[in-house]
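Hydrogens, waters and symmetry mates are skipped; everything else that's a heavy atom, side chains included, is used. The sequence lines fix the lettering, A, B, ..., with proteins before strands; numbering per chain opens at 1. This structure is a prediction, so every number in the text was calculated from the model and none was measured.
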Amino acid sequence: MDKLNRAFYERDTIEVANDLLGKHLVHLENGIQRVGKIVEVEAYLGQHDLACHSSKGLTKRTQVMFGPAGYAYVYLIYGIYHCVNVVTEKEGQGAAVLIRAVEPLLNIAIRTQGPGLLCKAMGIDKRLNGHDLLSDDFFITTCPDQLPMTIIKKPRIGVHYAKHWEKRLLRFYIKNNPYVSRR
DNA sequence: TGCACGATGAAC
DNA sequence: TTCATCGTGCAC
């Protein structure tokens with residue numbers, strides 16, 4: 001179980017998104033370790049990507065996205081749920097990968113299929129915005145016995161406002177995995 | 001200072 | 001299809 005290093009995140013966003021599938025997301029909170037296998041992600045390519053929050057430019061909200069790779073960008077959506085992203089590429093690109101669903105592996109009590117639910121299930125909220133994913137309480141590791149898997153590519157969810165970007169195949173998930181959202 | 005609107009999820 | 005609920009970004 002090797003923790004993913006800075007070089008892993010500091011690469012092309014689409015490659016990072018694909019490589020994150022099958023990896024283990026780990027969060028330690030109050031002595032409880034929660035682990036979920038990443039089964040669904042979306043790539044947000046940076047300032048030119050109209051579906052990406054960083055397309056608004058550098059603001060208080062997006063500053064984490066414009067920072068160095070390997071940090072968590074957590075935000076509140078619809079005033080109710082949180083969503084987690086991992087920042088990718090070189091500092092200043094404003095690119096990230098949204099984690100949309102995980103498969104419960106350890107200490108996860110409720111459903112995790114969807115970005116809002118997985119955050120709720122793993123105790124992830126705004127306190128973790130800007131948190132280093134190379135820390136000891138919130139990180140991602142390789143899966144020791146990862147079997148071969150087929151990756152499905154689809155348009156991203158809920159980005160109808162993003163003009164032609166809506167059609168880009170930037171959502172990736174593991175084929176036939178029951179924990180993928182909206183199938 | 002105010003207001004419209006979400007990278008959602010669940011109910012009806 | 002509707003609704004809960006609030007931080008953000010932008011208009012005024």
Side-chain angles (χ1 to χ4, degrees), chain A residues 9 11-21 23 25 27 34 36-67 69-89 92-104 108-131 133 138 140 151-174 177-183:
Chain A
Y9 299 109
R11 294 182 297 142
D12 177 78
T13 306
I14 292 175
E15 285 181 29
V16 176
N18 277 272
D19 291 347
L20 278 174
L21 292 174
K23 299 291 191 293
L25 177 64
H27 182 210
R34 301 184 204 280
K37 184 172 103 174
I38 299 171
V39 299
E40 178 183 354
V41 296
E42 282 178 5
Y44 286 85
L45 304 187
Q47 205 162 5
H48 58 294
D49 177 356
L50 295 181
C52 192
H53 289 174
S54 63
S55 65
K56 305 275 184 197
L58 180 57
T59 66
K60 193 168 186 178
R61 183 197 206 190
T62 61
Q63 60 181 356
V64 175
M65 288 186 96
F66 283 101
Y71 284 79
Y73 166 48
V74 183
Y75 67 93
L76 184 66
I77 186 68
Y78 300 114
I80 307 175
Y81 297 101
H82 292 273
C83 293
V84 228
N85 303 246
V86 299
V87 178
T88 60
E89 315 244 358
Q93 294 302 301
V97 174
L98 169 69
I99 301 176
R100 283 194 58 89
V102 301
E103 176 180 330
I108 293 178
I110 63 170
R111 289 183 303 130
T112 54
Q113 51 242 67
L117 283 177
L118 91 85
C119 284
K120 196 174 173 187
M122 294 195 64
I124 298 165
D125 61 29
K126 283 209 76 164
R127 290 171 304 170
L128 291 172
N129 188 37
H131 201 88
L133 289 169
F138 191 37
I140 302 174
I151 297 175
I152 305 290
K153 298 169 173 51
K154 285 280 166 57
R156 292 174 292 187
I157 304 286
V159 294
H160 48 278
Y161 57 85
K163 300 184 180 175
H164 65 282
W165 288 93
E166 181 185 8
K167 300 194 283 285
R168 291 284 304 273
L169 301 180
L170 294 173
R171 176 182 181 223
F172 309 98
Y173 61 85
I174 298 174
N177 187 290
Y179 297 96
V180 170
S181 70
R182 305 201 195 180
R183 281 137 39 89

Distance check needed: [N] [atom2] versus [X] [atom1], whole Å only.
X: A:Ile77; N: B:dA7; atom1: CD1; atom2: P; value: 5 Å
X: A:Tyr78; N: B:dA4; atom1: OH; atom2: P; value: 17 Å
X: A:Leu118; N: B:dT8; atom1: CG; atom2: C1'; value: 12 Å
X: A:Phe172; N: B:dA7; atom1: CZ; atom2: P; value: 18 Å
X: A:Leu76; N: B:dG6; atom1: CG; atom2: C1'; value: 11 Å
X: A:Tyr73; N: B:dA7; atom1: OH; atom2: P; value: 9 Å
X: A:Ile157; N: B:dG9; atom1: CD1; atom2: C1'; value: 13 Å
X: A:Arg182; N: B:dT8; atom1: CZ; atom2: C1'; value: 6 Å

When you measure from the side-chain N and O atoms of [X] to the phosphate of [N], is any distance below 4.0 Å, counting only OP1 and OP2?
X: A:Lys60; N: C:dC10; result: no
X: A:Arg111; N: B:dA10; result: yes
X: A:Tyr81; N: B:dG6; result: no
X: A:His53; N: B:dA7; result: yes
X: A:Arg171; N: B:dA7; result: no

Using the side-chain heavy atoms of [X], tell me which of these nucleotides is nearest: [options].
X: A:Lys56; options: C:dG9, B:dT8, B:dA7; result: C:dG9
X: A:Ile80; options: B:dA10, C:dA4, C:dG9; result: C:dA4
X: A:Tyr161; options: B:dG6, B:dT8, C:dG9; result: B:dG6

With a 4.0 Å cut-off on heavy atoms, is A:Lys126 in touch with a base, just the backbone sugar-phosphate, or nothing at all?
-> sugar-phosphate
Using a cut-off of 4.0 Å on non-hydrogen atoms, how would the nucleic acid contact of A:Arg61 be classed: base, sugar-phosphate, or nothing?
-> sugar-phosphate
Over 12 non-hydrogen atoms of neighbours within 6.0 angstrom of NZ in A:Lys154 = no
Across all strands, who's sitting opposite B:dT8 as a Watson-Crick or G-U wobble pair, both distances under 3.5 Å?
-> C:dA4
Determine the Euclidean distance between corresponding C1' atoms of B:dA10 and C:dG7; express it in Å to zero decimal places.
-> 22 Å
Roughly how far apart, to the nearest Å, are B:dC12 and C:dT5 at atom P?
-> 15 Å
State whether the aromatic ring of A:Tyr44 stacks on the base of B:dA7, taking stacking to mean ring centres under 5.5 Å apart and ring planes under 30° to each other.
-> yes
Should A:Arg11 and A:Asp19 count as an ion pair when the cut-off is N to O under 4.0 Å?
-> yes
A:Gly57 or A:Gly79, whichever maps to the more 5' nucleotide of DNA chain C = A:Gly79
Report yes or no: does A:Ser181 contribute a side-chain atom to a donor-acceptor pair with the main-chain N or O of A:Ala101 at less than 3.5 Å?
-> no
Is there a donor-acceptor contact under 3.5 Å from the side chain of A:Arg100 to the main chain of A:Val180?
-> no
For A:Tyr44 against A:Thr13, the heavy-atom pair lying closest together | O-CG2, 3.9 Å
Can you find a pair of side-chain heavy atoms, one from A:Leu20 and one from A:Phe172, that are under 4.5 Å apart?
-> no
